[in-house]
Each structure stands twice: as C-alpha cells, then as structure tokens.
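Sequence positions, counted from 1, serve as the residue numbers for this chain. Computed from a predicted model, the values in this text were never measured in an experiment.
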Amino acid sequence: MARTKRYKNQRRVIILRGMKYLLIITALLLALAFVLTKFVFKGGDDTDSAESGTVTVSVNETTPPPEEEEEDENIDNKWAMFLVNKKNPLPADYDSRIETKVVFESWREYFLDVRAAEYLEKMLKAAEKDGIDLYVVSAYRTIEYQQQNFDNSVQDRVDKGMSYDDAYADTLAEVALPGESEHNAGLALDIMVEEYQNMDDDGFEDTEAFAWLDKHAAEYGFILRYPKGKQEITGIIYEPWHYRFVGVYYANEIKKSGLCLEEYYEQQGWTDGNGKATKMRGPWEEDDKKDDPAETTVPKETEPKKTMAATPHSEQKVTIIV
C-alpha cells in the first residue's frame, strides 16, 4: 500500500515538471514571436512605421550596392574613355578645352594631353629599363594641322595622277578628317622605334618594341586602337603603331576582352544602333546639355579645290596619317 502511494506521488511530480517545462517553452516561443514581429518584420508594418516616425526605404531606392561603388573607385581617368571616329567627332572647340605638354623630342616636339602625359612618360621609362627605346613619331595635332595633313594627302594622290574625287575618297579611307582623328583629342600617338619608322606596311609588329607594347601598354592606360582584322568596324586599317590613352582600368578591360574600342562600347550598351555614343561621350558630356550631335570640325570651305584627271591609285603607297 505504501509502495503504491509512493509511486503515485512520483508520477504526479513528473507530470508537474513536464507541465512546467511545457509552460517555459511556450513562453519562450511567444517571446520569440513577439521579437520577430516587432523588430525583424517591422518594415512591413505601415502603421508601426508611421507611429514611430521612421520611413522604410526599399533597396532599389538607396545608393548602389557596395560592389558597384568599389568598381567605380577602381576606374581611373574615366574622362579619357570616349570615342573619336567618323560617327563621333570632337566638339568644334575641343582645341581650346585641353592643355598639352611636351612628352617626346626628336627633330621636333610632340605633345599630349597633360592628364595623359605622365602615363606615357612612365611607359617610356619602363620600356627603356627593359632595353626598348620607344620612339614617338606623331602625337597631338591641332585641327588646323590635321586639315593640312588631309589636304597634303589628297594633293599627293593628285600629283600621282588621280582625279580630285578619287584622291579625296582614297584619302578618306586612310586619313581622318579634322575632328575625327584621335590625334586631335591629344590622347593618341604613333609609337615606333628609331630604326624602324615605316608606316607603309605592318613590319613594326615584328619588332621587339611592338611585343613589349602588346604586353605592357595597358599597364599604363594605352590600347592598340586599330587592331588587325577590325577595319570594317573601326573604319581604319590595321596600325600596329597607333596607341590611345583610355586609363589603366579600361585599357586592361579592353585588352582582356580582345575587342576594339567600338566593339567594347557596343558590348557595354554605350552606343545606339548607328554607332553613335549615347554614354561615356567624353569630358564635355556634362557641359553639353543639349541632345544635338557634336558639330563636325571640318568647314566645307576649307576642303581642297577639285582639280585634275584620274588614274588608279591601287599600286601607290602612302604614309597613313590618321
């Protein structure tokens, strides 16, 4: 009898303890639910937000994600990333918008946009350290100087027997009009070596200097602007000597992509269907609030006058001055 009573008491104690633990767990769950509802999911409660004076802002309305901000911080010289070609001429007053400095001297002085000059100077020194003496044969040209180059190229063909119309068309395929040449932007230069300065063929690509530039130019913000096999896209023949400053970040991105500048712009969605840049248009983008295309810098009255009769020009070699 005593054993049965003791057994009942023990059973009652166990039941009471179980109920106690169940109440504790229930209380904890209720507390957790309260915390989640009150704080974690508070942004979804319009009433609580209004009463507390706080405003819930969606992710899309805040600043860009950290990864985008970090990427932007890594982009140097963003101002230098813009197209210059037949469809994207420079503003008519571009000469007055830039400051240049001497970056190389031989029989004459060669200039570059002062913001790109230090990068070229570092590249020339690095090449020299590796036993490569790079030689600048063309750099910044004013609009007037580019016009003179174009006129001389037309006249050279005329002197060799072409009609003016044929000479003009033939020149246009190899020499950019004023304002459509990267040299007019102060960011392009033709680099060769003193012992090899022939622009009538592609021989420069077989030199140690070209191999060095192909490997290291992007490290200093320069790209080979008119690569082999891209003439239909760039409008300019392969020029293994023509380099363009776009900044270290974009130079490396373009080098890795294997694309020419026009293709890279298209890939990024920065051009319309006709190849006209709609984004990354140049340092004047913020200044020019109008939507009108940049005015071409070639006044018709400055074009050479039409003269003389025609002969084929297919066998003639002319120095390419883009």
| said: Is any side-chain heavy atom of Ser153 closer than 4.5 Å to one of Asp156? | reply: no
| message | Quick check for you: to the nearest 0.5 Å, what is the distance between Arg244 atom CZ and His183 atom NE2? | response | 11.0 Å
| message | So, taking the atom named CG in Leu261 and the one named CG in Leu224, what distance separates them when rounded to the nearest 0.5 Å? | response | 11.5 Å
| query | Side chains of Leu134 and Trp212: closer than 4.5 Å at any heavy-atom pair? | reply | yes
| message | Does the plane of the ring in Tyr226 sit parallel, tilted or perpendicular to the ring in His242? Use 30° and 60° as the thresholds. | response | tilted
| Which atom pair, heavy atoms only, marks the closest approach of Ala167 to Met162? | N-CE, 3.8 Å
| query | Near Gln197 CD, under 6.0 Å, is it more than 12 heavy atoms from other residues, nucleotides or ligands? | reply | yes
| query | Does CD belonging to Glu121 count more than 12 external heavy atoms closer than 6.0 Å? | reply | yes
| message | On a heavy-atom basis, which atom in Ile254 and which in Leu259 lie closest, and how many Å separate them? | response | CG2-O, 3.3 Å
| query | Which atom names give the shortest non-hydrogen contact between Ser181 and Leu90, and what distance separates them? | reply | O-CD1, 4.2 Å
| Gap separating the CG atom of Leu177 from the NZ atom of Lys86, nearest 0.5 angstrom | 7.5 Å
| Results of side-chain contact (heavy atoms from CB on, under 4.5 Å) for Asp76 - residues two or more places apart only | Tyr119, Val248, Tyr249
| field | Residue pair Asp166 / Arg157, side-chain heavy-atom distance below 4.5 Å | value | no
| Met280 side chain reached by Lys78 side chain, heavy atoms, under 4.5 Å | yes
| said: In the structure I gave you, are the side-chain heavy atoms of Met123 and Leu213 within less than 4.5 Å of one another anywhere? | reply: yes
| Excluding sequence neighbours, so at least two apart, what forms ring pair (Phe, Tyr, Trp, His ring centres under 6.0 Å) with Tyr140? | none
| field | Where Asp95 and Asn184 come nearest, the two heavy atoms and their spacing | value | OD1-O, 4.3 Å
| message | If I compare all heavy atoms of Tyr238 with all of Pro227, which pair ends up nearest, and what's the gap? | response | CD1-C, 3.5 Å
| message | Let's go through Thr271 and Lys276 carefully: what are the C-alpha distance in whole Å and the side-chain angles of both, what is the deciding distance for side chain to side chain contact (heavy atoms under 4.5 Å, CB included) to 0.1 Å, and is it a yes or a no? | response | CA-CA 5 Å; Thr271 54; Lys276 180 71 176 178; over 6 Å; no
| Ala176 backbone acceptor or donor facing Gln146 side chain under 3.5 Å | yes
| side chain to side chain contact (heavy atoms under 4.5 Å, CB included) assessment of Glu262 paired with Lys230 | CA-CA 10 Å; Glu262 283 83 0; Lys230 304 290 186 179; over 6 Å; no
| task | Please name all residues satisfying ring pair (Phe, Tyr, Trp, His ring centres under 6.0 Å) with Tyr135, sequence neighbours left out, ordered by chain then number. | result | Phe104
| query | Could you give the distance from CG (Asn152) to CD (Gln148), rounded to the nearest 0.5 Å? | reply | 5.0 Å
| field | Contacts of Glu109 that satisfy side-chain contact (heavy atoms from CB on, under 4.5 Å) - sequence neighbours left out | value | Val102, Glu105, Phe111
| said: With a 4.5 Å cut-off on side-chain heavy atoms, are Leu112 and Thr100 touching? | reply: no
| Close side-chain approach of Gln155 and Val158, heavy atoms under 4.5 Å | yes
| message | A quick test of your reading: do over 12 heavy atoms of other residues, nucleotides or ligands sit less than 6.0 Å from CD of Glu208? | response | no
| request: Could I get the full list of ring pair (Phe, Tyr, Trp, His ring centres under 6.0 Å) partners for Phe82, not counting sequence neighbours? | output: Trp284
| said: One pair to check against salt bridge (charged side-chain N to carboxylate O under 4.0 Å, His left out): Lys256 and Glu253. What are the steps and the verdict? | reply: CA-CA 5 Å; Lys256 287 187 294 185; Glu253 290 298 303; 3.1 Å; yes
| Just checking, is any N or O donor in the side chain of Glu180 or Asn85 under 3.5 Å from an acceptor N or O on the other one? | no
| Full working for side chain to side chain donor-acceptor pair (under 3.5 Å) between Arg141 and Ser138 | CA-CA 8 Å; Arg141 304 185 195 128; Ser138 184; 2.9 Å; yes
| query | Is it true that a side-chain atom of Asn252 and a backbone atom of Ala218 form a donor plus acceptor pair closer than 3.5 Å? | reply | yes
| task | With sequence neighbours excluded, tell me which residues meet salt bridge (Lys or Arg N to Asp or Glu O under 4.0 Å) with Asp214. | result | Lys255
| Should Glu128 and Leu124 be marked as a side chain to side chain contact (heavy atoms under 4.5 Å, CB included) after you check the CA-CA gap, both sets of side-chain angles, and the distance that decides it? | CA-CA 6 Å; Glu128 184 179 5; Leu124 295 178; over 6 Å; no
| Rounded distance [0.5 Å steps], CD in Glu182 versus CG in Leu83 | 8.5 Å
| task | First locate atom CG of Asp113, then atom CG of Asn77, and finally report the distance between them rounded to the nearest 0.5 Å. | result | 9.5 Å
| query | Would Val114 end up clustered with Met81 when hydrophobic side chains under 4.5 Å apart are linked, directly or stepwise? | reply | no
| query | Is a side-chain N or O of Glu263 found less than 3.5 angstrom from the main chain of Cys260, in a donor-acceptor match? | reply | yes
| query | Is there a side chain to side chain contact (heavy atoms under 4.5 Å, CB included) between Asp190 and Val136 once you walk through the steps? | reply | CA-CA 6 Å; Asp190 297 331; Val136 176; over 6 Å; no
| Criterion salt bridge (charged side-chain N to carboxylate O under 4.0 Å, His left out) on Glu205 and Lys228, from CA distance to verdict | CA-CA 10 Å; Glu205 71 176 2; Lys228 183 178 290 186; 3.2 Å; yes
| query | Are any side-chain N or O atoms of Lys279 and backbone N or O atoms of Gly269, one a donor and one an acceptor, separated by less than 3.5 Å? | reply | no
| Hydrophobic cluster membership, Val84 vs Ile233, 4.5 Å side-chain cutoff | no
| query | Between Val154 and Tyr164, is any pair of side-chain heavy atoms under 4.5 Å apart? | reply | yes
| said: Pair Arg225, Glu239 - check salt bridge (charged side-chain N to carboxylate O under 4.0 Å, His left out), show working. | reply: CA-CA 8 Å; Arg225 179 63 178 91; Glu239 292 189 350; over 6 Å; no
| Is there a path of hydrophobic side-chain contacts, each under 4.5 Å between heavy atoms of I, L, V, M, F, W or Y residues, that connects Trp107 with Tyr145? | no
| request: Would you please indicate if the ring centroids of Phe245 and Tyr250 are separated by under 6.0 Å? | output: no
| request: Measure across Arg115 and Ile98 and return the closest heavy-atom pair with its distance rounded to 0.1 Å. | output: NH2-CG2, 4.0 Å
